[in-house]
Amino acid sequence: MHKKFDHKGFEKKWQEQWQKDNLYKAGDRDKSKSKEYVLVELPYPSGNLHIGHWYAFAVPDIYVRYRRMNGVQVVYPMGFDAFGLPAENAAIKRNLNPREWTEGNIEYMKGQLASMGNAFSWDKTASTIDPNYYKWTQWMFTQFFENNIAYRGKGIVNWCPGCNTVIANEQVLSDGTCERCSNEIEKREMPQWMLRITNYADRLVDDLDDLNWPEHIKDSQRNWIGRSKGAEISFKLSTGDDITVFTTRPDTLFGATYVVLAPEHKLITDNKEKISNWSEVEAYIKTTAKKDEQDRLNDTKEKTGVKLEGVTAINPANNEEIPVYIADYVLASYGTGAIMAVPAHDERDFAFAEKFEINIITVVRAKGESSASNEKNEKSILFTDSGELINSGEFDGMDSEEAKVAITEKVGGKLTNTYRLRDWSVGRQRYWGVPIPIVYDPEGKPHIVPKEHLPWTLPEDVDFRPTGEAPLAKSAELKKRTEEIFGKGWTPEVETMDTFVDSSWYFLRYLDNANDEVFTSLDVQKDWMPIDIYFGGAEHTTMHLLYSRFWQKALFDLGLVNVQEPYQRRINRGLILGPDGNKMSKSKGNVIDPDEQVARVGSDTVKMYLAFMGPYGEVSNYPWDMGGIAGLHRFLERVNGLSEHISETEPKEITKLLHKTIKKVSEDIPEFKFNTAISALMVFVNSVEKQSLTKESYDAFLRLLAPFAPHLTEELWALAGNSGSVHTAEFPAYDKTLSKDETVTIGVQINGKLRGDITLSPEATKDEALDAVITKPRFAPYLTAKPAKVIYVPGRILNLIVND
RNA sequence: GCCGGAGUGGCGGAAUCGGUAGACGCGUGCGACUCAAAAUCGCAUCUCGCAAGGGGUGAGGGUUCAAGUCCCUCCUCCGGCACCA
């Protein structure tokens, strides 16, 4: 029966009570319990909690509460990632200081978070704009600088004209736009603060193997890092230089009929006197320099290039003299910026060789072929698979894979890997970020700001509106501060750090946030790290998740952290769409405001609705459905009326169903299948409504439901006369015997066709099952002869094969 | 092009050591209550068929007593990478 309840009458009351009782404080590590560190991605204080935050924080809360009720000491912290462009832009729009704006938002959002009624460990929190936080961000940076992990590099960077700053490779989307503002990214050459994430490429790939992460996330990271196994091989040039190329196919070296350099390659300008067609070459270099990435991609069908007249190379395998070209299909930023071209076995080289009429030599053929496949048919001349070698002197007949090693050895090459990953560009020409703690001496040499001067505070006396120049350059205070501490002629670094730096280590600070000596003591880390489960969004796969893994490894190498991998398990959630099936956006007018929903139907309903939509941890999109949320509200109203069915005794059926429900819920929660757990709870309620249950069963049910509907269950728990909080009660355990069915109904197939069912004990024998069929007239018409074969799977199926 | 993942009612989704496909919820239809409406309750709801029965999990093959689940060939959608040597 439906019994309406007034969520406003008790949700706030219990939230305040829980806070007063410090119910969810994680406290110090209690070694008598096992620990679990459950992390959710800390929010950006945009000023308003949206439905995505609810999905991100309220649903994992079910898991956290469940584990606590099972006696696990769970730390479930929350904080704010408060530096960064959106806050800065929003503040500029409102003509506010970003600090005022952000801090105001944090306060407001804390109130909104409270309305969720989550079991957050508020004693473990951090905010990245807190000077006591960013002090350590800066200190880590200085450690990285001193250990050559952070460096001032020169190179081509991604400039976002919308954000007025440089951004990292990871922050450029595959269509060449900015992940924040969707503006088209420009390439610029300028000095940049970089972190040597590339030095960690192998570990970042290899250590993925042991992580309990969804395979598609690991694959995305592997793709992003883009490790290729191959070899570096040197070719002698007629200029006297050696040119090193990278190839994944050293087995095809005998088929290398020319060499190609990227137009930006240093050896070209170094040898301009020796290049007889220099003006032509120079013109080509200029043309390609003008093309942006996008043009270069669009031009892939038509290969272009210029031969370096007067320069030749020697193929080290057969000492043949071969021509040298420059072409923009070879990228300066990948490998060595030079390739050996094997037109018979590489599509791009093939296209180029055909256009420039260069020699094509087949050196690999499919195994077992008597002739090279390409000799049979002109059109199939290209063969990119591996196979066995031909036209390769002493290596003829050798398998491609073996030949890779053998040929590399013979020519004195080196087996090596190369990567797609580039170093992480972390300097930003914006105001609202952590100042890079570097100062320059009068010669312009960079030095770290020593620990006693940290935090190296963000100056206040600047016009922070973005112009493309770093706003900190305009701070008289920063300039003065630098000269006072370091001496006349010293100047401060004026760039701030990428926000992704701040969020690369926040989970460590949560644990020991009052520590003034170190960012987090090793003892505390040993208590809690690694993070057992990290819930988050798919957008972080090759950004935050990659950066923070690198950061942790870099700290590990400096002896500052206890584990190499921060996150043991990763769960990516899906996306909540608007009721129209589109991504929620103000312009589409399809935004669901969680505050409105909570006011209307209550926090418990919103939480359960989100948990019921589909399995958590599968990246799919769920449209918000007003009818759907009403269904969950109805369910909780029925729960509210359930106490009317309490009686002295209950049918055996209800006892058994309760234990089956406990079993199902306890199995589903750890797998984040909250949807099917809720479904089981609904089945139980549907059944009880027609019958009765004891007070004992009622209490057990409340505890079962407590992680999903913390407020209502707490209210009903108290109304039922129980003492203490339902959330500190033990989660019910199921009785194995009671959770099993005494009889099962199984399908009966005759010749593989379903003809009906029989009900019998799960342990019934084949003969008993056959008897049940024979005595049921329903089956008689089909049993025209004695079954030739009987397949019986107890509790599952009975299949009779009747030959007629 | 390469690497992953996914295709099940009108909708969200259940069911995969191969064993009664469509749990649970939404929506819809009919009925009850009501002067009426809302709320609530009951029944129905994959599809064709009065029924008996037939068909059905993106398409087509295959293995099996039995296939949403395994194998092969395709198609579509989603995510990552992409002139990456």
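Given the structure is predicted, the values throughout are model-derived calculations rather than measurements. Reminder, nothing fancy here: chain letters follow the sequence lines and each chain counts from 1.
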Can you tell me the base-pairing partner of [N]? Count Watson-Crick or G-U wobble geometry only, both distances below 3.5 Å, and say none if there is no partner.
N	value
B:C81	B:G1
B:A14	none
B:A32	B:U40
B:U45	B:G27
B:U57	none
B:U76	B:A6
B:A52	none

For [X], does the [atom1] atom have more than 12 heavy-atom neighbours from other residues, nucleotides or ligands under 6.0 Å away?
X	atom1	result
A:K776	NZ	yes
A:R796	CZ	no
A:K266	NZ	no

Please report the distance, rounded to the nearest Å, between [atom1] in [X] and [atom2] in [N].
X	N	atom1	atom2	answer
A:D328	B:A85	CG	C1'	14 Å
A:Q221	B:G4	CD	C1'	14 Å
A:I797	B:A67	CD1	P	11 Å
A:I678	B:C26	CD1	C1'	14 Å
A:L253	B:A85	CG	C1'	14 Å
A:H345	B:A85	NE2	P	17 Å

Legend entry - Heavy-atom check, side chain of A:P579 versus side chain of A:D625, under 4.5 Å: no
Legend entry - Side-chain heavy atoms of A:I571 within contact of A:F672, under 4.5 Å: yes
It should be established whether [X] places a side-chain nitrogen or oxygen under 4.0 Å from OP1 or OP2 of nucleotide [N].
X	N	result
A:Y419	B:C84	no
A:R634	B:U40	yes
A:K4	B:A38	no

Drop me the distance from [X]'s [atom1] to [Y]'s [atom2], to the nearest 0.5 angstrom.
X	Y	atom1	atom2	answer
A:K187	A:N158	NZ	CG	4.0 Å
A:E41	A:R573	CD	CZ	6.0 Å
A:I576	A:Y55	CD1	OH	5.0 Å
A:L421	A:N199	CG	CG	10.0 Å

Sugar-phosphate, base or nothing in reach of [X], heavy atoms under 4.0 Å:
X	value
A:N686	sugar-phosphate
A:G631	sugar-phosphate
A:G226	nothing
A:S220	sugar-phosphate

Output the single nucleotide from [options] whose closest atom is nearest the side chain of [X].
X	options	result
A:V683	B:C24, B:C41, B:A85	B:C24
A:D219	B:C26, B:C3, B:G19	B:C3
A:R638	B:C41, B:C24, B:U20	B:C41
A:R348	B:G80, B:C24, B:C83	B:C83

Legend entry - The single option from A:F350, A:F235, A:F352 passing ring-ring contact (aromatic ring centres under 6.0 Å, His included) against A:Y258: A:F352
Using the [atom1] atom in both, what is the distance from [N] to [M], to the nearest Å?
N	M	atom1	answer
B:U69	B:G7	C1'	14 Å
B:G9	B:G22	C1'	7 Å
B:C78	B:C24	C1'	26 Å

Inset, instruction - Examine distances only and state if a side-chain atom of A:S692 and a backbone atom of A:V688 form a donor-acceptor pair shorter than 3.5 Å. - result: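 Flag not set: sc A:S692 to bb A:V688 has no pair under 3.5 Å.
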Legend entry - Over-ring placement of A:R549 relative to A:W213, 6.0 Å and 45° cut-offs: yes
Legend entry - Charged tip of A:R570 within 45° of A:Y534 ring normal and under 6.0 Å: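 Verdict for A:Y534: a cation-pi partner in A:R570.
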Find every protein N or O atom lying less than 3.5 Å from an N or O atom of nucleotides 47-53 of chain B, and list the pairs.
residue : atom : partner : partner atom : Å
B:G53   : OP1  : A:Y782  : OH           : 2.5

Distances under 3.5 Å between protein N/O atoms and the N/O atoms of nucleotides 61-65 of chain B, please, pair by pair.
residue : atom : partner : partner atom : Å
B:C65   : O2'  : A:N799  : ND2          : 3.2
B:C65   : O2   : A:N799  : ND2          : 2.6

Legend entry - Position toward the 5' end of RNA chain B (nearest nucleotide), A:K753 or A:T336: A:K753
Legend entry - Residue met sooner reading RNA chain B from 5', once A:V172 and A:E347 are mapped to nucleotides: A:E347
Inset, instruction - Identify the heavy atoms of A:D349 and A:V342 that sit nearest to each other, and give their distance. - result: OD2-N, 2.9 Å
Inset, instruction - If a protein heavy atom is under 4.0 Å from the base, mark B; if only from the sugar-phosphate, S; if neither, -; do that for nucleotides 11-16 of chain B going 5' to 3'. - result: -BSS--
